[in-house]
Colleague: 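Pasting a structure here, questions to come.
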There are 2 protein chains.
Amino acid sequence: MRADAKRNRDRIVEVARLVFREQGYDAPLDEIAKRAEVGAGTLYRHFPTRDDLVDAVMQSWVDSVDTAVDKALAHEGDGRAVLMAWLETYVGLISLHRGGPAKITTAMGDPESPIRSKCQVLAGANQRVIERLTDDGVLRDGVEPLQLCRLVGGVATVADQSELDAPTVRSLLEVVADGLVRQP
Amino acid sequence: MRADAKRNRDRIVEVARLVFREQGYDAPLDEIAKRAEVGAGTLYRHFPTRDDLVDAVMQSWVDSVDTAVDKALAHEGDGRAVLMAWLETYVGLISLHRGGPAKITTAMGDPESPIRSKCQVLAGANQRVIERLTDDGVLRDGVEPLQLCRLVGGVATVADQSELDAPTVRSLLEVVADGLVRQP
DNA sequence: AACGATACGGAGAGTGTCTCCGTTTAGCAA
DNA sequence: TTGCTAAACGGAGACACTCTCCGTATCGTT
């Protein structure tokens, strides 16, 4: 890739992150192009669809998912507390910008979505948590990573759209957590 | 309201229901105006925002919610089975058209939304189910109607966007149901 | 320095939303 | 029936956003 191309690409992603933070993932792409001081053509050449751009912006946290899992698994307390820690971390990750949860959950159902790779990362993270907690006898059998993605994605989507506060989100996640743990 | 106005209004709603069924709640409003053989101005005078129109289309099932609750509560089986019957009914109600769950859940967080009245009806329905199942000792204490709206709305939204099949949706609802019932 | 490949920019076409205002019509009163 | 007025109509067009096309500019190599 030519040097000027890379320069432009990087600047677009940088500006996009800013604009998405301000306005959510539905922000007009033309504004991003304008603020990045490139033509619309340049933006669309680098990122043919909005989701390609969203994907590039999301890339930053992908690398931190693994350490987030480690951190949640190291949470002190019983198995359910560990699970809750992870669920809250998960919601936080995908709720970084407004519209994020919806984007992720939609992508989960669309094999063509560029954001799909992010879903795989999240599913992988869930996989790790599930394995650990199943071994510990905390989770009931048969919990699938995708199932967890969907349940928590659903809660995060509602929370994002209704701008719920943290305690309210926690009360929803607690129902999910209780539904997942092995019934005593 | 003048007779011709009512005639047009009714025809718009009728056509809208058809178009929404075909294309989901994101269908272009101009097409609805065209197919209803009215000018765009007429459509927007009767329904200033898309949600006003969506609300009018949804009005039809509002009246059937109460009987749906009765039916679910009459479901044979233990308390958990009754709860599951209701959850599935609920998802079915709000998933009538593509985009419906998202519309409802968004409206739930927006006090200004015209669809808000529909949410109240659904919350009322949940209230009835909660009261009955709490009396029976099935549900744990402190389950709120809104909480149920959000949890099931989240599941329905994901299911709608990912076009999940019934068994998959059921598996998600079962986790929610297990999280809601009194732990033995 | 010259050249070909690569990338740029922004005008403009396409699509959907929504308003404005000149024209038409329903319904009432004389 | 006729005339009148408030209510309702319709659709052209302004606006907003998406996305493409192609003439122009730049990079990096020979």
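Quick note on labels: first sequence line is chain A, next is B, and so on, each numbered from 1.
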Colleague: In chain order, what residues pass the ring pair (Phe, Tyr, Trp, His ring centres under 6.0 Å) check against B:H46, with sequence neighbours excluded?
Modeller: none
Colleague: Students often get this wrong, so: under 4.0 angstrom with heavy atoms, is A:E37 touching a base, only sugar-phosphate, or nothing?
Modeller: sugar-phosphate
Colleague: When the nearest nucleotide of DNA chain C is assigned to B:E31 and to A:R11 on a heavy-atom basis, which residue is associated with the more 5' position?
Modeller: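 The residue mapped nearer the 5' terminus is A:R11.
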Colleague: Using whole Å, what does the distance between atom P of nucleotide C:dG9 and atom CZ of A:R35 come to?
Modeller: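 From A:R35 CZ to C:dG9 P: 17 Å.
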Colleague: Without decimals, in angstroms, what is the distance between A:I12 CD1 and C:dA7 P?
Modeller: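 Distance, rounded to whole Å: 13 Å.
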Colleague: Between D:dG10 atom P and B:F47 atom CZ, what is the distance in whole Å?
Modeller: 14 Å
Colleague: Using heavy atoms to find the nearest nucleotide of DNA chain D for B:G41 and A:D30 separately, return the residue whose nucleotide is more 5′.
Modeller: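 Here B:G41 is the residue nearer the 5' end.
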Colleague: Between B:R98 and B:D160, is there a salt bridge with N-O shorter than 4.0 Å?
Modeller: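 Judged by the 4.0 Å cut-off on N to carboxylate O distance, B:D160 and B:R98 do not form a salt bridge.
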Colleague: Applying side chain to side chain contact (heavy atoms under 4.5 Å, CB included) between B:V38 and each of B:N8, B:I32, B:V15, report the one that passes.
Modeller: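 Among B:N8, B:I32, B:V15, the one meeting side chain to side chain contact (heavy atoms under 4.5 Å, CB included) with B:V38 is B:N8.
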Colleague: Using a strict cut-off of less than 4.0 Å between a Lys/Arg side-chain nitrogen and an Asp/Glu carboxylate oxygen, indicate whether A:K6 and A:D10 qualify as a salt bridge.
Modeller: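 Salt bridge present between A:K6 and A:D10.
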Colleague: Heavy atoms under 4.0 Å, any strand shown: does A:A40 hit a base, just sugar-phosphate, or nothing?
Modeller: base
Colleague: Look at all strands and tell whether A:A3 reaches a base, only sugar-phosphate, or nothing, counting heavy atoms closer than 4.0 Å.
Modeller: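 The answer is sugar-phosphate, as A:A3 gets under 4.0 Å only of primed atoms, P, OP1 or OP2.
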Colleague: Under 3.5 Å between N/O atoms: give me all the protein pairs with nucleotides 5-8 of chain D, atom names plus distance.
Modeller:
{"residue": "D:dA7", "atom": "N3", "partner": "B:R2", "partner atom": "NH1", "Å": "2.8"}

Colleague: Tell me: CG of A:L43 to P of C:dA7, nearest whole Å?
Modeller: 15 Å
Colleague: Rounded off to whole Å, could you give me the CG-to-P distance for the B:D51 and C:dT17 pair?
Modeller: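 Between P of C:dT17 and CG of B:D51: 12 Å.
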Colleague: To the nearest Å, how far apart are A:L29 CG and D:dA16 P?
Modeller: 16 Å
Colleague: In whole angstrom, give the distance that lies between atom CG of A:D52 and atom P of D:dT18.
Modeller: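 Nearest whole value for this atom pair: 14 Å.
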Colleague: Ion pair present between A:D26 and A:R50, side-chain N to carboxylate O less than 4.0 angstrom?
Modeller: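 No, A:D26 and A:R50 are not salt-bridged.
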Colleague: State plainly whether the residues B:R140 and A:D178 are in salt-bridge range, i.e. N to O under 4.0 Å.
Modeller: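 Salt bridge flag = yes for A:D178 with B:R140.
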Colleague: Return the value, rounded to whole Å, for the distance between atom OH of B:Y44 and atom P of D:dA14.
Modeller: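 Result: 17 Å.
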Colleague: Check B:R35 with B:E31, please: is the shortest side-chain N to carboxylate O separation under 4.0 Å?
Modeller: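 A salt bridge is present here (some side-chain N lies under 4.0 Å from a carboxylate O).
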